[in-house]
Amino acid sequence: MAKYPFSEIEPKWQKYWDERKTFKASEDPSFSKDKRRYVLDMFPYPSGAGLHVGHPLGYIATDIYCRYLRMNGYNVLHPMGFDSFGLPAENYAIQTGTHPAKTTRENIVRFKKQISILGLSYDWGREISTCESDYYKWTQWIFIQLFNKGLAYESEAPINWCPSCKTGLANEEVKDGECDRCHTKVTRKRIRQWILKITAYADRLLADLDGLDWPEAVKAMQRNWIGRSEGAQVSFRVDGMDEAIEVFTTRPDTLFGATYMVIAPEHPLVKKLSTSGQKEAVDAYVDKAAKKSDLERTDLAKDKTGVFTGSYAINPVNGAKVPVWISDYVLISYGTGAIMAVPAHDERDWAFAKAFKLPIIQVVAREGSPEARLGACGDPEECFAEEGIAVNSGNWNGTPTADFKAGITKWLEERGQGKLAVNYKLRDWLFSRQRYWGEPIPLVHCPSCGTVPVPEADLPLTLPEVTSYEPSGTGESPLAKIEHWVNTSCPVCGGPGKRETNTMPQWAGSCWYYLRYMDPTNAKAFVDRAKVDYWMPVDLYVGGAEHAVLHLLYARFWHKVLFDLGLVNSVEPFQRLINQGMMLGEDSQKMSKSRGNVVNPDDIVREFGADAMRVYEMFMGPLEVSKPWSTAGILGSSRFLERLWAMSEKPLVDDEPSGELLKLLHKTIRKVDGDTSTLNFNTAISAMMVLSAEANKLDALPRELWSALVRMAAPYAPHLGEELWFKLGNTESVSKAPWPAFDPALCIDDEVTVVVQINGKLRADFRAAKDAGKEELERTARAMPKIQDYLNGKVVAKIIIVPGKLVNFVVH
RNA sequence: GCCGGCAUGGUGAAAUGGCAUACACGGCAGACUCAAAAUCUGCUGUCCGCAAGGACGUGUGGGUUCAAGUCCCACUGCCGGCACCA
């Protein structure tokens with residue numbers, strides 16, 4: 001038997017789908033809301049590097065699912081587009097002078113070609129590309145909505161700076177003190193930046209995670225990243241000054257143990273608190289801290305450093321005078337930038353107090369300890385950071401931590417010296433980049449009107465042509481040098497103004513692309529609300545886990561803002577999320593050029609066909625887990641498809657399949673149906689393999705069985721599916737055919753194997769009618785000679801009988 | 001250190017608390033063939049045994065249960081994330 005001619009079949013059907021727009025989606029009102037599905041892939045950055053077999057994994061999965069849904073009568077929105085602003089094209093432009101738009105468009109063509117040979121059922125009529133001005137016009141428009149809502153602000157605080165990418169980075173883009181993209185050590189730099197106030201949505205970004213059908217790991221990562229912590233804000237009066245230091249603490253119950261305070265080197269009170277004697281030392285320390293990178297301030301510098309200001313603060317609970325220190329272990333960006341230090345109950349304060357010989361007073365004792373009963377103790381030998389019972393705390397002695405926290409917070413509040421407070425680890429989003437290839441931020445700086453947005457009628461504010469793409473590295477983008485572009489008139493007063501020269505980060509375009517797919521050519525609005533109501537929210541979103549906090553957090557933030565503006569219908573954009581696992585190389589290592597273990601999908605398609613590659617990638621194991629590629633392994637999937645092809649050459653008969661085979665058919669439909677709907681594609685394929693192997697034993701195929709098998713296989717191997725469907729005499733795409741139905745009555749076996757156990761160990765089995773009663777099963781089991789041997793001379797203490805399954809004799 | 005996940009044959013893996021290893025790769029044997037490829041059939045967890053059969057077996061150690069890969073407790077290893085966040 002010759003190999004089935006996939007190299008002819010596959011292009012033929014791709015052309016057929018393309019010409020007939022088989023997968024075009026429209027807002028057809030005849031589909032009820034519950035018969036509509038929006039299935040989305042994370043869109044790619046069209047890199048010039050080309051794909052490896054792991055890249056299309058998620059695309060194949062969603063494609064199978066969409067084809068399955070269509071056959072089950074759903075109206076499916078399944079679009080694809082390109083995240084096309086980004087540094088690689090810009091860096092290539094710097095090297096070669098080629099305009100990034102040109103490189104990007106070429107890469108998109110290449111990318112589309114490479115994925116289109118896989119037979120993916122996208123509605124390409126909805127394709128979008130974030131770097132095209134008819135798209136980014138609306139990215140700019142949304143930015144203006146954020147600006148007008150007060151959610152965008154300028155700042156000059158020190159930021160994360162990547163010296164290699166020559167741009168500022170958001171917190172989320174820094175990993176282990178390195179730039180997430182290029183792994184260069186991040187430094188601190190003070191330049192003017194645009195920041196988005198994502199922290200204003202921290203509580204909702206956290207709370208709304210609960211209702212999402214997302215992997216626990218991703219939800220946990222976002223919860224961690226948002227990092228909500230509850231405590232108290234406490235005010236410490238500065239001795240001899242009309243000033244107070246505000247601190248945030250999660251342990252107000254340890255206030256009696258606060259023996260000193262620490263403010264960050266950037267704290268606004270640094271100058272005022274420094275006494276003349278300490279001024280020189282303070283200035284030197286602050287200067288040194290400013291030069292340290294975040295990495296030096298954290299990972300590398302576990303040894304505590306600091307300097308005394310010379311000033312003292314008054315502890316509100318006991319009036320004690322405590323010294324105020326400056327140290328870079330306190331971060332200006334968290335809480336109030338100042339802490340009360342309780343060395344006995346905080347590891348960091350403990351290390352600092354030891355280093356500078358500051359007093360340590362224990363105020364919490366382990367529950368049940370002698371100290372807890374006594375309410376007092378001597379100098380502690382180690383730091384105790386857990387909860388317990390208050391000691392050395394005046395009237396509060398004996399109070400458990402939780403009660404103490406609540407009580408002291410109320411006590412402080414009554415005296416106007418504190419209140420309940422919630423803090424988030426999440427920082428505002430550093431949103432501007434000092435680079436060329438991004439959306440220009442549509443703002444004009446006017447000397448008399450301030451910063452004003454570009455009027456909607458003037459959007460898109462397009463990128464000007466430049467002669468050099470090179471970033472200046474000084475914190476100005478290449479746009480700053482284009483005078484005719486920078487110099488403009490103020491949209492409010494008409495006077496001279498200057499354009500904002502920062503551009504947006506790559507995340508901007510991906511924050512709302514899923515909305516534009518619904519209405520990709522709308523020139524009047526970013527999306528028509530009626531279309532949003534038709535499709536949103538996204539029912540299934542599939543993509544890589546690397547976006548767990550970055551893209552997924554940013555997009556959720558923008559979506560909530562759009563919701564608040566009444567522009568979208570849901571508080572969350574992506575109801576269900578699945579992270580496809582990584583495809584490793586044959587050596588079980590991450591697939592990468594440098595390791596030389598990259599497998600190219602073009603080669604696989606040429607040798608085995610796209611259908612075989614699709615089926616194999618889904619057959620390998622669960623979608624979510626990482627697994628190594630095996631070119632030898634694809635043979636099994638290839639053989640399965642070849643068997644289907646060979647079976648299609650057999651004559652068809654109109655008789656019903658024989659009893660056992662009919663049951664197998666219906667059980668297979670039930671299995672494949674269930675597993676496909678839950679994306680358990682590997683076990684669905686396995687079930688089809690079993691059915692095809694059984695049916696292949698016949699010389700002539702029952703038409704009903706064959707038709708069902710072809711339709712079940714079609715979402716998985718769509719080209720072969722169409723070919724076999726037409727070979728069956730059909731004249732319309734199998735994607736328009738109904739998914740086969742199963743008869744539950746035919747899924748039940750008349751006779752089942754019942755196993756017999758002695759003390760839980762399997763000793764024998766027998767066949768019995770499926771509905772045989774307990775008495776009958778026990779009688780049959782007891783009658784077996786082998787079982788009689790085991791029971792002989794033993795006392796049967798108990799018999800467990802599960803009808804249709806087993807008989808277990810418990811003996812001794 | 002904290003948070004999340006994973007651990008089953010030579011390999012990818014399957015298994016509503018009820019026959020561990022379905023399906024596939026690889027391997028072995030056979031059929032077909034002058035021969036090979038392709039295809040088809042059978043066998044393939046480990047150990048003992050000529051066999052019948054038996055013992056052991058899902059990272060480790062405990063536990064719950066008539067029965068545990070599955071539930072509970074403690075641990076080990078690997079992967080991912082966070083990490084001076086008060």
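So that the names make sense, note that chain A is the first sequence line, chain B the second, and so on, each numbered from 1.
Within the nucleic acid shown, Thr249(A) comes within 4.0 Å of sugar-phosphate atoms alone, with no base atom in reach, counting heavy atoms only. At a threshold of 4.0 angstrom between heavy atoms, the contacts of Lys175(A) are confined to the sugar-phosphate backbone, with no base atom among them. Backbone-only contact: Ser626(A) has heavy atoms under 4.0 Å from sugar-phosphate atoms and none from a base. Base contact: Val330(A) has a heavy atom under 4.0 Å from a base atom.
Without hydrogens or angle criteria, Ser327(A) side chain to Thr305(A) main chain gives a donor-acceptor distance under 3.5 Å. Listed for the Ser677(A) side chain is a donor-acceptor partner under 3.5 Å among the backbone atoms of Gly674(A). Side chain of Lys627(A) to main chain of Val625(A): a donor-acceptor pair is present (N/O by atom type, distance under 3.5 Å, no hydrogens or angles). Formation of a donor-acceptor pair under 3.5 Å by the Asn579(A) side chain with backbone atoms of Gly543(A) is found in this model. With hydrogens and angles ignored, the 3.5 Å screen pairs no side-chain donor or acceptor of Thr668(A) with any backbone N or O of Leu691(A). For Arg595(A) (side chain) and Lys590(A) (main-chain N/O), a donor-acceptor pair under 3.5 Å exists by modelled atom type. Proximity of a side-chain donor or acceptor of Asn171(A) to a complementary backbone N or O of Arg427(A) within less than 3.5 Å is not detected. Counting only distance, with no hydrogens or angles, the side chain of Gln589(A) and the backbone of Leu584(A) share no donor-acceptor pair below 3.5 Å. Between the side chain of Thr199(A) and the backbone N or O of Asp428(A), no donor-acceptor pair lies under 3.5 Å. Judged purely by atom type and a 3.5 angstrom limit, Glu173(A) uses its side chain to pair as donor or acceptor with the backbone of Ala170(A).
Annotated as syn: G9(B), whose glycosidic dihedral is within 90° of 0.
In this structure, Pro56(A) and His52(A) approach most closely via the heavy-atom pair CD-O, 3.3 Å. Residues Thr409(A) and Pro252(A) come closest through the heavy atom pair OG1-CG, 3.9 Å.
Rounded to whole Å, the distance from CG on Leu641(A) to C1' on A24(B) is 13 Å. Residue Ile634(A) contributes atom CD1, which lies 12 Å from atom P of G26(B) at whole-angstrom precision. To the nearest angstrom, P of A86(B) lies 17 Å from NE2 of His345(A). A straight line from CD of Glu642(A) to C1' of A38(B) spans 9 Å, rounded to a whole angstrom. C82(B) atom P lies 13 Å from atom CD of Glu173(A), rounded to whole Å.
Distance from the side chain of Arg643(A) is smallest for C40(B) among the nucleotides C19(B), A22(B), C40(B). Checked against G26(B), A20(B), A13(B), the side chain of Lys627(A) finds its nearest nucleotide in A13(B). Here the side chain of Arg639(A) is nearest to one of U39(B), A86(B), G12(B), namely U39(B). Nearest to the side-chain atoms of Lys761(A) among the listed nucleotides C56(B), C23(B), G18(B) stands C56(B). If you check A20(B), A86(B), C25(B) against the side chain of Ala632(A), the one that comes closest is C25(B).
Listed by chain and residue number, Gln233(A), Phe248(A) satisfy the side chain to side chain contact (heavy atoms under 4.5 Å, CB included) test with Ala421(A) (two or more places apart in sequence, or in another chain).
Pair check for A38(B) finds none; no Watson-Crick or G-U wobble contact set falls under 3.5 Å. Summarising the base pairing, A51(B) is matched to no nucleotide, lacking a Watson-Crick or G-U wobble pair whose two defining distances lie under 3.5 Å. In this structure, G26(B) forms a base pair with U44(B), meeting either the Watson-Crick or the G-U wobble geometry with both donor-acceptor distances under 3.5 Å. Pair assignment for C32(B) gives none, since no Watson-Crick or G-U wobble pairing has each distance under 3.5 Å. A 3.5 Å limit on both hydrogen-bonding distances identifies C6(B) as the Watson-Crick or G-U partner of G77(B). For C66(B), the paired nucleotide is G18(B), the pair qualifying as Watson-Crick or G-U wobble because both relevant distances are below 3.5 Å.
Classification of the Tyr4(A)-Trp645(A) ring pair by plane angle, with boundaries at 30° and 60°, yields tilted. Ring planes of Tyr329(A) and Phe352(A): tilted class, angle from 30 to 60°.
Taking the C1' atom of each, U58(B) and A51(B) are spaced 30 Å apart, rounded to whole Å. C6(B) and U60(B) have their C1' atoms separated by 16 Å, with the value rounded to a whole Å. On the C1' atoms, A20(B) is 11 Å away from U70(B), given to the nearest whole Å. Here, U33(B) and C28(B) have their P atoms 23 Å apart, quoted to the whole Å. Remark: the separation of the C1' atoms in A24(B) and A31(B) is 23 Å, to the nearest Å. Comparing G5(B) with C73(B), their P atoms are spaced 13 Å from each other, to the whole Å. Separation of the P atoms belonging to C23(B) and A68(B) is 26 Å when rounded to the nearest angstrom. Of the C1' atoms belonging to G49(B) and G42(B), the separation is 23 Å, rounded to the nearest Å.
Looking at Leu777(A), Thr780(A), Ile800(A) one by one, the single match for side-chain contact (heavy atoms from CB on, under 4.5 Å) with Val807(A) turns out to be Leu777(A). None of Met620(A), Met582(A), Met618(A), Arg614(A) except one satisfies the side-chain contact (heavy atoms from CB on, under 4.5 Å) rule with Leu57(A); the exception is Met618(A).
Proximity of residues 220-230 of chain A to RNA chain B (heavy atom under 4.0 angstrom from any strand atom) is restricted to Met221(A), Asn224(A), Trp225(A), Ser229(A).
Considering only side-chain N and O atoms, Tyr790(A) lies under 4.0 angstrom from the phosphate OP1 or OP2 of G54(B).
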Protein-nucleotides 42-49 of chain B N/O pairs under 3.5 Å:
none

Please tabulate the protein-to-nucleotide N/O contacts below 3.5 Å involving nucleotides 63-68 of chain B, giving atom names and distances.
from: C66(B); atom 1: OP1; to: Lys798(A); atom 2: NZ; distance (Å): 3.3
from: C66(B); atom 1: O2'; to: Asn808(A); atom 2: ND2; distance (Å): 3.3
from: C66(B); atom 1: O2; to: Asn808(A); atom 2: ND2; distance (Å): 2.6

Report, one pair per line, the protein and nucleotides 27-32 of chain B atoms (nitrogen or oxygen only) whose separation is under 3.5 Å.
none

Could you write out each protein N or O paired with an N or O of nucleotides 14-16 of chain B at a distance under 3.5 Å?
from: A14(B); atom 1: OP1; to: Asn682(A); atom 2: ND2; distance (Å): 2.8
from: U16(B); atom 1: O4; to: Lys805(A); atom 2: NZ; distance (Å): 3.3

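Salt-bridge check for Lys786(A) with Asp765(A): failed, with every basic side-chain N at 4.0 Å or more from each acidic carboxylate O.
Comparing Tyr424(A) and Ser630(A) by the nucleotide of RNA chain B that holds the closest heavy atom to each, the one mapping nearer the 5' end is Ser630(A). Between Leu635(A) and Val690(A), the residue anchored nearer the 5' end of RNA chain B, judged by the nucleotide with its closest heavy atom, is Val690(A).
Ring to ring, Tyr285(A) and Trp325(A) are not that close: their centroids are 6.0 angstrom or more apart. Side-chain rings of Phe809(A) and Tyr790(A) stay apart, their centers remaining 6.0 Å or farther from each other.
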